[in-house]
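Atoms within each ligand, like the ligands themselves, are counted from 1 in listed order. Since the structure is predicted, the reported quantities are computational estimates derived from the model, not experimental observations.
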Amino acid sequence: MSRLEKKQPARCTDLPLKNADICSKLKILKQLLKSCYGPTGRLKQIHNNIGGQVVTTSTSVVLLPTLSSTEPFINLIRTSIINHISRFSDCGLFAGILCLSLIEEAQLSSLRKDVCQKVNKYLLGLCTSYLQQEDCACKVKVDFNSSHCLIRLAHGVISSKPACVLRESEILHITRLIVQGFLLTVPCDKPGAVKLGRIVTLAVEGLPVMDSTIFPGLLLETPDLSLHLTGLLNCGQLRTIIFTASLAGDLSELGEGTIVVHKGMDVEVQILDQLLKIGEKVVKDEVKLFMCQKVIHPVLQQYLRYHGIVVIERLGINLLEPVIQLTGAQPVATLHSIPPRAYGKVKEITIRQFGSKIMLHLVPTEETAICTLILCHRNETMLNELKVACEKAQHVLRLTLRDQFAVYGAGCSETHLAAYIRYKVNFKASKTIDLDTATMFGCMQTEYVLAAEGFCRSLESVTAALDHNGGSSLIDLTHAHHWTLPTDMTTDEMDRTLGLCRCGVVQYCKDYKWSFLNTKYTEFSPAAVSGEADVLDSFTAKVNGLQVAVETANLALDVQYIIQDTN
Ligand SMILES: [Zn+2]
């Protein structure tokens, strides 16, 4: 008889934000995220307690999934940020730090939680409508006639990942490849519905970063080089076929349709006969490239190679779509018949070698939106981080097709937004009209101003998190951009040390007035500035990150009880 254990009662925590243990965990999470933020962020090593691979990172995409906690309240926040990253790739740390700062500000203030929530929501609306405005002074339109904006956007993503360990020249090289790849994936002058292509990334360990390169078409790793390629190079058009059904001859994986088995005969032999009939058919139809998503029976492989056909098996589900797009072939899911329209074509097949890896390069017959990025780095850890960073950068560039804007990076947008909100709140508060706003939140006007100040401080605390080397963060009281004064410099030496703001768009002017970050300044309407910025962030990712941060903080402030099943 099995042992019966008494069911444990569920654990109930009331008012989690008044629980010291939860509060200290929130604080640690905030410190952890802040310490990773930006180009000089500190690296984290992740390993489990049974050994295995050690990961070095500062990227939220890698870090957050590993930070699972036994505390549901922490997981609530973590999951929300992970969800944002899975949709937008970028601004995960921004959203996490802002969310935790907003929670902390609400805890520190003596205001009622519902007042903080209502004010946060209202100010989020103010921020997003300002960001959507045509004349918003912290965004720029992405100009697709020049590569400047695209390069700055990709550069921003790659340079903020210190675990990639890249020199400036290497960052520039990778950035250019990503922009080139992005441009290759946007089809031009194609009739009908526009379908974006794909960049397939292949990582090669042990080669210098500068050996990284990009090719139009598809490169496939191939373990087998007993290829009869001599006659295939530059052959014009090579007929191609792709099977999604397994050609291994296993009974369990015969694909669609039925196979008639004759009584008394060996089933395996009969299936192999069927496979060889496919072989005969493709040889007759002059196929030169034979690919299968799954495994191909060795006898069939040998037969095909004997007839000079290049055979690629185990393509996998991820490569299937790009291969179909590149060749124009219709994948075959059965062993019975091959319809004429199933055939696609490639222009040529060449062999390329990177370090110890030998690859087949499938060159498309016409311009195609598929390309392959060969990513090289000195060791596996750096290479893994670089791969994640490149995927992020590619996603950020794609987002510009949706919203053709970028926001000023390096903390300048956050300080600018904080100044804008302060101005709006205090300007309105000075008019009797805005008593209505305070009434709307069910609080006094002073409480409204206090809650708004918490919101602005939270925005600025994200900017402050960029500095890990002890410098002082300043803002100019004209454009409200972010500046850094190095540790050993005083404010008297500002004209010598401050050349440009951190995003690079505002030039130092001795007439500017200054304020240290998170100290009080007289409200002003931040002025627009024209010029090209060096650091740009994704507009779409930032707007969504802002939304996610505020909504998650408000949700966390709302939690009254946590009920946890302990069985
Ligand atoms: Zn700036």
task = Would you check if the side chain of Asp90 reaches a backbone N or O of Val396 as a donor-acceptor pair within less than 3.5 Å?
result = no
ask   = Got a donor-acceptor contact below 3.5 angstrom from the Arg502 side chain to the Thr484 backbone?
value = no
note = Answer key: the N, O or S atom of His481 nearest to the Zn ion (ligand 1) is ND1
inquiry  = Before moving on, can you tell me the angle at the Zn ion (ligand 1) between the SG atom of Cys501 and the SG atom of Cys503, to the nearest 10 degrees?
reply    = 100°
ask   = So does His416 have any N/O/S atom less than 2.8 Å away from the Zn ion (ligand 1)?
value = no
task = Nearest 0.5 Å please: distance from the NE2 atom of His482 over to the CG atom of Leu466.
result = 6.0 Å
inquiry  = Could you check whether Lys520 and Ser515, counting side-chain N and O atoms only, form a donor-acceptor pair closer than 3.5 Å?
reply    = no
